[in-house]
Amino acid sequence: MPGSVKLRSVKKFGQENDSYEFSDEGKLFAIFTLLDMFYCQFALQFRFASCREICMMIFGSICAIIHGSAQPLMLLVFGMLTDTFIEYDIELNELTDPEKVCVNNTIQWRNLTEEENLALNMTRSCGLLDIEYEMTNFAYYYVGIGAGVFILGYLQISLWITAAARQIQIIRKMYFRKVMRMEIGWFDCTSVGELNTRMSDDINKINDAIADQVGIFIQRFTTFVCGFLMGFAKGWKLTLVIVSVSPLIGVGAGLMFVAKLTGMELQAYAKAGAVADEVLSSVRTVAAFGGEKKEVERYDHNLVSAQRWGIRKGLIMGFFTGYMWFIIFLCYALAFWYGSSLVVDTQEYSPGTLLQVFFGVLIAALSLGQASPCLEAFAAGRGAATIIFETIERKPEIDCLSEAGYKLNKVKGDLEFHNITFHYPSRPEVKILDQLNLQVKSGETTAFVGPSGAGKSTAVQLIQRFYDPKEGMVTLDGHDIRGLNIQWLRSLIGIVEQEPVLFATSIAENIRYGRPGVSNDDIITAAKEANAYNFIMDLPQKFDTLVGEGGGQMSGGQKQRIAIARALVRNPRILLLDMATSALDNESEAVVQEALDKVRMGRTTISIAHRLSTIKNADVIVGFEHGRAVERGKHEELLDRKGVYFTLVTLQSQGDKALNQKARQGSSSDCLTLSIPRSLFHCICRSSVHQRSRSQLSNVVHELSVSGLPDDDSDEVEPAPVARILKYNAPEWPYMLFGSFGAAVNGGVNPVYALLFSQILATFSMPDPVEQRREINGICLFFVVVGLVSFFTQLLQGYAFSKSGELLTRRLRCLGFQAMLGQEIAWFDDHRNSPGALTTRLATDASQVQGATGSQIGMIVNSLTNIGVAIIISFYFSWKLTLVILCFLPFLALSGGFQAKMLTGFAKQDKEAMEAAGQISGEALNNIRTIAGLGKERNFVEMFEAQLEAPYQAALKKANVYGACYGFAQCVVFMANSASYRFGGYLVYREGLHFSFVFRVISAIVTSGTALGRASSYTPDYAKAKISAARFFQLLDHIPKISVYSDEGDKWDNFKGDIEFIDCKFTYPSRPDIQVLNGLSVSVRPGQTLAFVGSSGCGKSTSVQLLERFYDPNNGRVLIDGRESTRVNVAFLRSKIGIVSQEPILFDCSIAENIRYGDNQRHLSMDDVIAAAKKAQLHDFVMSLPEKYDTNVGSQGSQLSRGQKQRIAIARAIIRDPKILLLDEATSALDTESEKTVQDALDKAREGRTCIVIAHRLSTIQNSDIIAVMSRGYVIEKGTHDYLMSLKGAYYKLVTTGAPIS
């Protein structure tokens, strides 16, 4: 093959490396490939640029290159200007001598002849130099360069931004279009949050990498090249001397960067963060055992190392900043000392050349430094582009927008599942359907029943072709649905889900989503069929009523009926009802059920339900278990079989009976109608969490949070007042005082530099060489001294402020953590307060707050002294000139701030413009299943693209504004210089001002003006800090409903443990629409054992949590020893209760520590621990371990088996010596052998204590004093085992059929 490359073994470093062996044509080819690879990496981001954009980018780059050479060009002018001033000053000096006089434009001795003067070499010209005229010329040069810079800067920025905006527009469209085509399985594996971030942040990163930053990079790089070229061209000796020192600056800058980057602080914090995470994840355990104070101490103890690192970082940063300044001043000293010898002694350079060379090299070095942030943006952009383009190029497995596939002429509606095996792509290890075979006949209603996670909903999703089965096939009228056109197939299907999704538009529009182009009459007919017409007509705006985000303005029943109307308007052949009525109360359920019965006629209907009343009259009932259809038949047939269906019916009918009775009693006494919620929705939420795929779950959670709580969005907080932040920082005032002193001295350095610089220029016009040399040496020494002072004060400032800041951070973290642990449990149920969110808040918010105190004060003091000293110096030397320049000061500060802003890019404003589009994409991605079911992907893509128009136009407008601002910022300095030097020339000529004063005043104010601007740019940290602080104070000020830290409430000595629940009703605050307890009344005397039995979600564990006071009941009372639980001191009550739960949570420490955790009120000796361990049948096992009681149990107890963890948990409960023992399914997760051991331990622990047991295995509770059978948050039967058996009710059925309870 011509041009082939063979790879031979690569030799060690230092040997000549012939690892690539080229054939001749290959050499060029390989070089091009390497160049190509590099180019591709960067050019990848420009792949969507059209010809027009490419032209814009090329032209923008040319402008940037010319712009970059402007600053070195200005130095040429500056050099000539200096020379002119010095010439003029020397002439003045010469003529001050009364013996000399100006004759024929040459200076001559008065009393000598022309020949004698020539012999004495008196040839210096005079009277030719019109300083005002010269300065006017220079002013024009400056104005010219300034104008050029303005135009070039404008073009450079606006062209690049415009080109980028057009490309980003295309990328956004393509990305969203592709995402909407992806199959549902892809969404299961990719979280919606992640996609939203990619849509906004990642694309913004690409934008940053291909917009103004490229132009700025090219410009800075050009400046770097031109600066060095100028140095070498004008004076190579001096350039070499300066370059030889520059590595020292480079080292400083590099190391400083490293010091910034080392996230050692964060790593050091990681340990404390791990503690916080562990504690917040197991907050119920911490609360139950009263471990709050202990945990706060443990957290604080771990914060020390983070604090140390923070202080160290401040010291290092201070050291390197100081080092940088020190080296820079040394460079000044060296350059002026060596340079002056070249000017004065060998006269190789003029003073102007010295300045040109020196500043040329300096500007070059600075530009290179400023170009480096752009590289970060490029790297980030490249990373983001890779991810985005990967998605754009991916082929969906099930392409919902493809035109391929058959469309049948006539659809009968026979569905059949052949041997289907399936697992969700997001959880390949869990088999959901296992060889499912099933027929659904056309025109019949088939009901799917079975426990959660048996595969009912999955079967329905396969019919819609959200997924393709791994084995087997689904057929419609005998055709494999994979061969049919997807959009057409989905148009045949109407679906009503348990949690229907409505879109944020009007009711009519929502129904119209069912079928495009449907008439208003059809919509009204569908609404009537769905029993929705009447309630819609009662609304003020009727069909034009907006339903709100996610349908939030509508009740559950109304949403359901709109969803049914939407399904009906399609006139579907196949109707899928996935628990369509489960989330409704009785009344709405009856209405919706009636609507459904009406519309089922003559359609193939599949109904999934847990309420048996809804499926009794189905044509066929299919029972599912473990992903198979295990039974099928009519209601009566299945009852005789005593299988899955039978168990469900038994439990439910008992519950219904009891509730109806209760409702009757209630209505007779005070006419209250009970709306009974669907108990089982809760159970689905709870038990099925493990089986559902991720994105489904996130949707459930999302829906709950939207409908549940009024979302008081914590992101929008008022920034905190600085005074309050400082109050927390008050103990560190000595550090802040010293820091401010350091900052003040540092602020004075800039103006002092201006003083020394102009002094050096003044020496060049001194007539006496010896005097001149002495003066120069003195000034160079002074430079060194200033450098040294600067070094120490920077160090002081860095250390003092980091110390005060870190102490503040630690204090805030500690307070914040303490406040978190003091909140009631319901606060943690809110998805915004998940452990992850809270730990992040502790990590970042607390450390950002210091941006508002120490360093910020330093910044302000620094800027004030800087400007102050500069102005004092300037007014002292020439008040007239100072006033002229002060006119420019605001502009200079503006320009400095603007340039610093340019470095950070402008992504923030773009984000706001993208909000509307973001809302559409967010709604689309959150409800992708509904959209796919309705086949509405195209609509959303069109809506999204329409919304992109506004931000795109804004970006184009912005390109011009930014371009103009950038041009202005760049040219201000030139304009200021032009005016000031021209006026300076006037003062020198008319008022005899010394020229060095002109330089002094101008450089003092110009440097401090730009410095001021830069300082103002550091304020984003300040704003962020105030917001972070506000979030923190919000947390500290939040008063918990159930406070652990308060001493209020009853405490009493002879605590007996007599418990009574009186008519308790309760809903979880995070799910206010689901009634969990529904009038629970049950009591237990001291020393008795009460057992709760019932299906999942009937409220057993909830009642235990009310007793612990994790929550308080909404109605009714819980009495403890006859006192109401809400009046009892929380800490006191919990200290009397020991709890062992199904999955006990252990902490990442030794076994002994974990057992001691049981009682955090007193110090426990090792003997106490061993005694408790013996009671829990744990001692022998622990002694068999190598490290005995010091064995670490691992994170969450991962090093131990379940039985061992359970026994440690029992020992932990026993060591408290509680009066009340709660056992929440304490043995259900164990194998038979461990269960026996643990059961013995529990029986021992129960002696003489009031005990509440929750169990699923009936064998474990037969000998309880009271057994309470619960259903739907209400006790339907209670009594001893024998008594309940004789009743022959629900309990009897459970025991005799041996059916599992959950």
Side-chain angles (χ1 to χ4, degrees), residues 642 646-666 679 1056-1064 1077-1104 1106-1107 1116 1118-1120 1122 1220-1228 1235 1239-1240 1242-1302:
K642 296 215 160 136
F646 172 76
T647 317
L648 286 167
V649 174
T650 334
L651 266 178
Q652 264 201 13
S653 48
Q654 294 286 336
D656 282 347
K657 226 184 281 168
L659 273 171
N660 292 342
Q661 252 172 344
K662 181 161 173 52
R664 260 184 248 122
Q665 294 163 7
S679 65
K1056 298 195 196 66
D1058 182 353
I1059 304 167
E1060 192 169 357
F1061 290 90
I1062 303 176
D1063 201 19
C1064 288
L1077 293 183
N1078 206 2
L1080 170 72
S1081 298
V1082 66
S1083 62
V1084 53
R1085 303 272 80 82
Q1088 279 189 328
T1089 297
L1090 161 70
F1092 280 126
V1093 187
S1095 61
S1096 285
C1098 63
K1100 307 186 297 291
S1101 302
T1102 307
S1103 48
V1104 169
L1106 290 185
L1107 184 60
V1118 180
L1119 299 184
I1120 292 150
I1220 302 172
L1221 190 61
L1222 308 176
L1223 307 175
D1224 187 352
E1225 308 197 17
T1227 61
S1228 66
E1235 183 179 7
Q1239 194 57 52
D1240 292 347
L1242 289 175
D1243 290 342
K1244 242 189 191 157
R1246 286 189 344 207
E1247 288 160 13
R1249 297 190 168 99
T1250 309
C1251 187
I1252 295 184
V1253 184
I1254 295 176
H1256 278 171
R1257 304 207 183 160
L1258 299 178
S1259 54
T1260 57
I1261 51 171
Q1262 288 182 353
N1263 50 5
S1264 308
D1265 301 306
I1266 308 167
I1267 297 173
V1269 183
M1270 282 181 80
S1271 174
R1272 306 226 194 129
Y1274 178 65
V1275 175
I1276 48 179
E1277 308 178 337
K1278 60 183 171 191
T1280 58
H1281 173 71
D1282 300 334
Y1283 168 71
L1284 290 178
M1285 290 303 280
S1286 64
L1287 273 185
K1288 298 226 155 72
Y1291 184 75
Y1292 170 78
K1293 277 187 189 167
L1294 288 172
V1295 176
T1296 47
T1297 56
I1301 297 181
S1302 59

Contact check, side chains of [X] and [Y], non-hydrogen atoms, under 4.5 Å:
{"X": "Met1285", "Y": "Leu1287", "answer": "no"}
{"X": "Thr1089", "Y": "Ile1266", "answer": "no"}
{"X": "Leu1107", "Y": "Val1118", "answer": "yes"}
{"X": "Thr1280", "Y": "Ile1267", "answer": "no"}
{"X": "Leu1223", "Y": "Ile1252", "answer": "no"}
{"X": "Val1082", "Y": "Leu1090", "answer": "yes"}

So how far is it from [X] [atom1] to [Y] [atom2], rounded to the nearest 0.5 Å?
{"X": "Ser1083", "Y": "Ile1062", "atom1": "OG", "atom2": "CD1", "result": "8.5 Å"}
{"X": "Gln1088", "Y": "Asp1265", "atom1": "CD", "atom2": "CG", "result": "4.5 Å"}
{"X": "Glu1277", "Y": "Met1270", "atom1": "CD", "atom2": "CE", "result": "13.5 Å"}

Please step through side-chain contact (heavy atoms from CB on, under 4.5 Å) for the pair Leu1077 and Leu1106, ending with a clear verdict. CA-CA 10 Å; Leu1077 293 183; Leu1106 290 185; 3.4 Å; yes
For the pair Phe1092 and Ser1103, evaluate side-chain contact (heavy atoms from CB on, under 4.5 Å) and give the outcome as yes or no after the intermediate values. CA-CA 10 Å; Phe1092 280 126; Ser1103 48; 3.5 Å; yes
Taking side-chain contact (heavy atoms from CB on, under 4.5 Å) as the test, write out the residues that go with Thr1250, two or more places apart. Ile1059, Val1084, Pro1086, Ile1220
Could you list the residues that satisfy side-chain contact (heavy atoms from CB on, under 4.5 Å) with Ser1081, not counting sequence neighbours? Asp1063
Between Gly1279 and Leu1284 the two heavy atoms that sit nearest each other are O-CD1, 3.8 Å
